Amino acid sequence: MNKKIRVRFAPSPTGALHIGGLRTALYNYLFAKKYNGDFILRIEDTDIKRNIKKSINYILKTLKWCKIKYNEGFHKKGKYCPYIQSKRIFIYKKYLKKLINNNFAYYSFETKQELNIYKTKYKNFIYNSLTRNKLKNSLTLNSTLTKKYIKNKNYVIRLKTPTNYNIIFYDKVYGQIKINTNEIDDKILFRSDSTPTYHLASVIDDHIMKISHIIRGKEWISSTPIHILIYNYFNWNLPNFVHLPLILNDIGGKISKRLNYNDSVPIYPINSKHFNIKNSYKKKGFLPKAFINIISLLGWSPNANKEIYTFNNIIKLFDLNNISKKDVHLNYKKFCWINKQYINNSNSHFIDNILLKFLKKKINNKKIKTIYLKKIIKLTKNRISLINDIWNVSYYFFINPIQFNIPNYISLFIKKKYTEILFFFNQIILFFKKKKKKKEIEIFLNKISNIIYLKLLRISLVGKLIGINMLYILSLINNKIIINRINYFLKQIIIK
RNA sequence: GGCCCAUUAGUCUAUUGGUUAGGACGUCAGAUUUUCAUUCUGGAAAGAGGGGUUCAAUUCCCCUAUGGGCUACCA
């Protein structure tokens with residue numbers, strides 16, 4: 001019975017891959033990796049109307065960024081090619097015929113409008129064994145009429161669900177679940193435009209591709225009985241079902257709710273008329289390794305009081321038994337904290353290069369030397385959580401402050417001791433007229449006994465009371481610039 | 001409305017019948033930092049409510065409440 005573990009991630013290319021989708025992909029990947037199984041990427045593009053061309057590429061790019069590798073599937077050669085459902089329709093048609101011939105599926109001739117009328121007229125209208133006898137389909141109409149409808153292609157094909165039959169299945173996360181067939185409708189398997197629906201295509205593919213575990217979002221629990229019926233009708237062995245808790249957005253709703261693209265949080269930046277999203281986890285400055293750590297903890301937790309894990313450790317520890325049943329709320333601050341741990345604790349050379357690249361791009365000034373930037377990075381990087389934050393903690397080395405944020409008690413001090421302050425700054429200007437060594441600056445700084453003077457100096461150079469130690473600011477910023485900034489600051493004070 | 005699922009601090013979670021209910025983010029206080037941030041130390045903070053079962057229930061059962069999912073010729 002020890003069948004090979006084979007799992008799949010089967011996104012439909014209808015939009016940006018959001019954090020929930022990526023979590024599903026990751027859990028499938030982790031499970032496959034842990035048990036030396038196969039991880040398959042299958043594109044489920046059966047709904048032509050909703051397909052967005054760019055999204056397949058987007059999904060691929062996102063998985064690549066996260067280093068989630070699939071060893072079989074779209075764009076790769078494999079035993080069960082092609083791995084995109086729009087190119088497998090002939091297969092689904094073949095199996096569909098079997099269902100019809102065995103009386104497990106039938107033609108139904110109501111138009112969408114007619115169905116809508118039923119739905120508004122009768123509360124809780126369901127197209128199933130309780131109602132289909134009174135409706136327009138191949139089970140009720142005589143053969144000539146049926147043939148006529150089929151010839152005109154005005155039909156859909158529905159699954160024939162049994163009457164009052166309890167479908168009981170065992171979910172690895174949620175345990176036993178029981179749903180009565182009277183509650184589900186005769187789902188459409190094949191649309192009037194001759195395309196299969198998800199239910200048909202995915203069950204057939206999962207069987208053909210020998211998928212052993214179906215790991216997917218909890219929203220599929222209600223559809224699982226339909227899938228089980230199809231498996232049973234074909235006399236196929238059931239796969240293991242593993243439903244994952246949902247990831248909820250701040251409002252508490254499903255993160256990928258219907259067609260609301262803006263609700264989903266993209267991982268990778270993407271530009272197209274369908275995605276009007278400027279921000280992404282990648283662009284904000286999350287590191288892929290940290291991000292994997294973050295999403296691995298969204299609905300799963302190892303039994304340890306630890307938060308930071310390497311990818312390999314996550315694979316080792318990953319266990320379906322530790323998946324939570326409770327839906328997950330995102331905690332963005334914790335995401336940032338985890339990312340910070342990676343910035344400060346992983347290979348510093350690697351992180352420094354990323355930061356260097358970011359700063360160089362931001363400054364866009366080739367005169368500024370790499371060694372200089374590296375020094376600044378070294379001094380400031382323990383202050384950031386996201387890569388992009390490096391600018392917020394180091395900008396004052398590159399741009400002059402224009403506005404000054406002066407607290408009240410210092411404003412009062414300026415008014416009182418105006419002439420003394422002028423004298424103080426003149427001394428500093430004088431001091432910086434000549435090149436100075438770090439040691440000399442340190443001695444000079446130590447002579448300043450009044451803290452407020454130091455604070456004033458900081459404000460004149462940085463613009464506000466933030467930033468690294470004054471010694472480093474004074475020794476890293478060019479003397480001329482220091483003097484210019486002070487002069488500008490003094491002018492501003494006079495105006496006030 | 002119907003069906004299904006969930007419910008430990010603001011959030012993520014550990015303990016799965018006997019614990020001072022543990023950890024993390026956040027928050028608050030203190031120390032370090034001339035400032036800010038970091039870092040460190042410490043504090044506050046939880047079993048939705050009501051019934052059972054049991055010597056004992058956060059843990060098992062029932063009801064209620066709340067939240068979520070599904071209820072498409074979407075996936």
Side-chain angles (χ1 to χ4, degrees), chain A residues 10-15 21 44-47 49-50 108 110-112 115-116 119 123-126 155-158 171 173-175 177-180 182-185 187-199 201-202 216-225 243 245-246 248 252-254 256-259 294 297-308 322 324-338 340 344 380-385 389 392-393 407 410 445-446 448-455 457-459 462 464-471:
Chain A
S12 43
T14 53
E44 308 219 322
D45 59 341
T46 49
D47 187 15
K49 282 170 236 145
R50 293 207 312 150
S108 155
E110 284 78 12
T111 59
K112 250 185 180 179
L115 286 173
N116 279 335
K119 277 172 195 163
K123 251 195 255 170
N124 307 334
F125 172 79
I126 300 178
Y155 66 85
V156 295
I157 295 168
R158 287 178 184 271
D171 183 275
V173 173
Y174 288 94
I177 292 169
K178 185 176 89 179
I179 295 171
N180 190 284
N182 285 359
E183 306 292 343
I184 54 181
D185 53 20
K187 275 278 177 261
I188 290 171
L189 301 178
F190 204 72
R191 302 188 191 91
S192 54
D193 66 356
S194 289
T195 57
T197 60
Y198 170 87
H199 303 294
S202 82
R216 51 154 51 154
K218 188 178 90 170
E219 73 270 27
W220 291 106
I221 285 180
S222 331
S223 313
T224 304
H243 287 98
L246 260 24
L248 305 177
K254 192 182 158 193
S256 57
K257 190 99 182 171
R258 304 275 152 111
L259 293 169
I294 288 164
L297 261 17
L298 259 27
W300 167 79
S301 81
N303 288 348
N305 290 336
K306 240 179 92 176
E307 322 292 319
I308 308 298
N322 290 335
S324 137
K325 295 179 182 178
K326 208 174 135 193
D327 292 343
V328 181
H329 287 84
L330 302 178
N331 186 345
Y332 187 71
K333 282 189 177 171
K334 191 164 184 176
F335 290 7
C336 292
W337 178 82
I338 291 176
K340 185 181 178 58
N344 287 318
T380 54
K381 78 165 184 175
N382 67 334
R383 310 166 83 87
I384 61 169
S385 306
D389 291 343
N392 299 336
V393 298
I410 292 181
L445 270 177
N446 285 339
I448 302 169
S449 52
N450 192 335
I451 292 167
I452 297 189
Y453 281 105
L454 264 168
K455 288 187 177 176
L457 180 58
R458 180 181 288 279
I459 292 172
V462 177
K464 45 189 162 182
L465 285 171
I466 58 136
I468 62 168
N469 193 299
M470 278 307 290
L471 175 63

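Proteins get letters first, then strands, A, B, ... in listed order; numbering begins at 1 in each. Note that the structure is predicted; figures quoted are calculated from it, not measured.
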In whole angstroms, the gap separating P of C25(B) from CZ of Phe335(A) amounts to 15 Å
Of C5(B), C70(B), U35(B), the nucleotide closest to the side chain of Arg458(A) is U35(B)
Compute the centroid of each ring, for Tyr332(A) and then for Trp337(A), and state whether the two points are separated by less than 6.0 Å. no
To the nearest angstrom, the CG-P distance between Asn180(A) and C3(B) comes to 11 Å
Given the C1' atoms of U20(B) and U35(B), what is the spacing between them in whole Å?
42 Å
TODO: Have a look at Ile468(A) and say if it touches a base, only the backbone sugar-phosphate, or nothing, with a 4.0 Å heavy-atom cut-off.
DONE: base
Item checked: Lys218(A)/Asp327(A) salt bridge by N-O under 4.0 Å criterion -> yes
Checking C3(B), A75(B), A72(B) against the side chain of Lys119(A) (C-beta onward), the nearest is A72(B)
Trp337(A) has its side chain closest, among C25(B), C73(B), U38(B), to C25(B)
When rounded to whole Å, the CG to P distance for the pair Leu248(A) and A6(B) reads 15 Å
Using the P atom as the point on both nucleotides, what is the distance between U11(B) and U27(B), in whole Å?
15 Å
In terms of heavy-atom contacts, Pro13(A) and Glu44(A) come closest through CD-O, 3.6 Å
### Task
Could you work out the separation of U15(B) and U54(B) based on their P atoms and round it to a whole Å?
28 Å
CG of Leu248(A) to NE2 of His329(A), rounded to nearest 0.5 Å, is 5.0 Å
Nearest heavy-atom approach of Arg383(A) to Lys340(A) is C-NZ, 4.0 Å
**Study point:** Ring geometry between Tyr198(A) and Trp220(A) (parallel below 30°, tilted from 30 to 60°, perpendicular above 60°)
**Key:** parallel
Between Asn469(A) and Ile179(A), the residue closer to the 5' end of RNA chain B by nearest nucleotide is Ile179(A)
Tightest non-hydrogen contact, residues Val156(A) and Ser192(A), listed as CG1-N, 3.7 Å
- prompt: A6(B) and U38(B): how far apart are their P atoms, nearest whole angstrom?
  reply: 40 Å
With the side chain defined as heavy atoms from C-beta on, Lys218(A) is closest, among A75(B), U34(B), C5(B), to C5(B)
Closest to the side chain of Lys333(A), out of G69(B), C25(B), C74(B), is C25(B)
Margin query: Can you check the distance between U59(B) and G42(B), where both ends of the measurement are the P atom (answer in whole Å)?
Written below: 32 Å
Here the distance between atom C1' of C5(B) and atom NZ of Lys178(A), to the nearest Å, is 15 Å
Checking C74(B), G1(B), G26(B) against the side chain of Asn124(A) (C-beta onward), the nearest is G1(B)
Whole-Å P distance, U13(B) and U34(B) = 41 Å
Checking A37(B), U27(B), A24(B) against the side chain of Arg383(A) (C-beta onward), the nearest is A37(B)
Interatomic distance, NZ@Lys455(A) vs CD1@Ile448(A), rounded to 0.5 Å, equals 14.0 Å
**Prompt:** Touch check for Ser12(A), heavy atoms < 4.0 angstrom, all strands: base, sugar-phosphate only, or nothing?
**Reply:** sugar-phosphate
Lys123(A) atom NZ is separated from G1(B) atom P, nearest whole Å, by 10 Å
Answer for the Watson-Crick or wobble partner of U53(B), both distances under 3.5 Å, is none
Just N and O in the side chain of Thr46(A): are any of them under 4.0 Å from OP1 or OP2 of A75(B)? yes
Taken to the nearest 0.5 Å, the spacing of Arg158(A) CZ from Leu189(A) CG works out to 9.5 Å
Atom OH of Tyr174(A) and atom P of G68(B) are separated, to the nearest Å, by 15 Å
From the candidates C3(B), U39(B), G69(B), the one with an atom nearest any side-chain atom of Glu183(A) is C3(B)
From NZ of Lys325(A) across to P of U16(B) the rounded distance in Å is 15 Å
Lys187(A) atom NZ is separated from A75(B) atom P, nearest whole Å, by 11 Å
Using Watson-Crick geometry (N1-N3 plus N6-O4 or O6-N4) or G-U wobble (N1-O2, O6-N3), each under 3.5 Å, C3(B) is paired with G69(B)
**Message:** Please give the distance between the P atoms of A29(B) and U19(B) as a whole number of Å.
**Reply:** 35 Å
Side-chain donor/acceptor of Thr197(A) to base of C73(B), under 3.5 Å: no
Rounding to 0.5 Å, atoms CD1 (Ile459(A)) and CD1 (Ile466(A)) come to a distance of 11.0 Å
Out of C73(B), G68(B), A6(B), minimum distance to the side chain of Lys49(A) belongs to C73(B)
Please tabulate, one pair per line, each protein N/O and nucleotide N/O from nucleotides 8-14 of chain B that are separated by under 3.5 Å, including the distance.
from: U8(B); atom 1: OP1; to: Lys326(A); atom 2: NZ; distance (Å): 3.1
from: U8(B); atom 1: OP2; to: Lys326(A); atom 2: NZ; distance (Å): 2.6
from: U11(B); atom 1: O2; to: Asn331(A); atom 2: ND2; distance (Å): 3.4
from: C12(B); atom 1: OP1; to: His329(A); atom 2: N; distance (Å): 3.4
from: C12(B); atom 1: OP1; to: His329(A); atom 2: ND1; distance (Å): 3.1
from: U13(B); atom 1: O3'; to: Ser301(A); atom 2: OG; distance (Å): 3.1
from: U13(B); atom 1: O2'; to: Ser301(A); atom 2: OG; distance (Å): 3.4

Paired to C25(B) by Watson-Crick or G-U wobble criteria (both distances under 3.5 Å) is G10(B)
How far, in whole Å, is U32(B) from A14(B) if one measures between their C1' atoms?
33 Å
By nearest-nucleotide position on RNA chain B, the 5'-leaning member of Asp47(A) and Leu465(A) is Leu465(A)
Q.
Classify Lys340(A) by what it touches in the nucleic acid, base, sugar-phosphate, or nothing, heavy-atom distance under 4.0 Å.
A. sugar-phosphate
By the Watson-Crick or G-U definition, both distances under 3.5 Å, U15(B) is matched with none
